[in-house]
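Read the structure below first, then the notes.
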Amino acid sequence: MSSHNGEDENVRFTGKNAEEAEDFIHAVNRHAWAAGKQRDYTWMADFAYACFTKKALRWYEDLDEETQNDWRLLKRAILTKYTTPPQSPSIIPSSASASASPTVSVGSAPAAPPPTSTTVQRGRIRMDHGGNGASTYIVIPGASKIAPGGNEIACRQAANVSDACVFEFDTIHRTITLQAGS
């Protein structure tokens with residue numbers, strides 16, 4: 001790893017809250033810029049690693065190696081874990097209680113605008129639990145394909161993002177393809 005200057009001692013990330021996460025990402029970007037390394041995503045990930053402490057360090061150690069070694073993936077993981085995206089007006093929280101075996105339902109959705117680039121979006125499903133900072137991820141045992149029409153499949157929850165299933169949403173064909181988590 002490249003050496004960093006003494007000012008780096010002031011950059012720490014404990015995983016306290018969203019504001020700290022955003023400030024940390026800004027600090028890493030700023031240090032990379034100052035070092036002329038703003039496009040060296042491995043250098044940036046190495047720099048960030050040296051700044052993790054406490055809860056954030058334990059979380060970091062559970063990330064997959066690809067995420068740990070690429071700043072683009074690492075900062076996305078930080079934002080996913082430590083910030084809460086604003087809810088779309090079309091998302092209405094359910095009052096139904098969580099069960100031991102939750103289900104995922106896919107029904108009709110309003111028409112989406114025409115795609116601008118890619119028609120397939122990939123991601124993981126994270127469930128936040130009551131604002132206490134705890135979250136789990138959806139794991140689907142076995143690969144499944146869900147099409148509009150109300151089909152349901154059984155799933156479970158996992159605490160580690162690397163165990164979560166990856167899903168692909170095709171905006172043209174309006175299908176969700178789920179790949180099993182570990």
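For the numbers below, each heavy atom of this structure counts, side chains included, while hydrogens, waters and symmetry mates do not. No experiment lies behind these values; they were computed from the predicted model shown.
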Sorted by chain and residue number, the side chain to side chain contact (heavy atoms under 4.5 Å, CB included) partners of Asp62 (sequence neighbours excluded) come out as Asn160

Once you round to the nearest 0.5 Å, how far does CH2 of Trp71 lie from CG of Asp40?
13.0 Å

Between Trp59 and Tyr82, is the gap from one ring center to the other below 6.0 Å?
yes

Please check: side-chain N/O of Lys55 versus main-chain N/O of Thr14, any donor-acceptor pairing under 3.5 Å?
no

Spacing of NZ belonging to Lys37 relative to OG1 belonging to Thr42, to within rounding of 0.5 Å
10.5 Å

Verify side-chain contact (heavy atoms from CB on, under 4.5 Å) between Tyr49 and Asn69, making sure each step is shown before the conclusion.
CA-CA 9 Å; Tyr49 168 70; Asn69 294 328; over 6 Å; no

Check the hydrophobic clustering (I, L, V, M, F, W, Y; side-chain heavy atoms under 4.5 Å; chains of links allowed) and say if Tyr60 and Leu73 are grouped together.
no

More than 12 heavy atoms of other groups within 6.0 Å of Glu61 CD:
yes

Partners meeting side chain to side chain contact (heavy atoms under 4.5 Å, CB included) with Gln38 (sequence neighbours left out)
Trp33

Apply side-chain contact (heavy atoms from CB on, under 4.5 Å) to Asn29 and Ile25, showing your working.
CA-CA 6 Å; Asn29 289 338; Ile25 290 170; 3.7 Å; yes

From CD (Glu22) to NZ (Lys75), nearest 0.5 Å
12.5 Å

Rounding to 0.5 Å, atoms CG (Leu74) and CD (Glu66) come to a distance of 12.0 Å

Using a 3.5 Å distance criterion without hydrogens, assess whether the side chain of Gln68 forms a donor-acceptor pair with backbone atoms of Ala45.
no

Exercise: identify the closest heavy-atom pair between Ala77 and Leu63
CB-CD2, 4.4 Å

Ala56 and Gly15: which non-hydrogen atoms are nearest, and at how many Å?
CB-N, 3.5 Å

Is there side-chain contact between Val28 and Phe13, with at least one heavy-atom pair below 4.5 Å?
no

Within a strict 4.5 Å, meaning less than it, do heavy atoms of the Met44 and Phe47 side chains meet?
no

Is there side-chain contact between Ile78 and Phe52, with heavy atoms separated by less than 4.5 Å?
yes

Return yes if some donor-acceptor pair links the side-chain N/O of Glu20 with the main-chain N/O of Lys16 below 3.5 Å, else return no.
yes

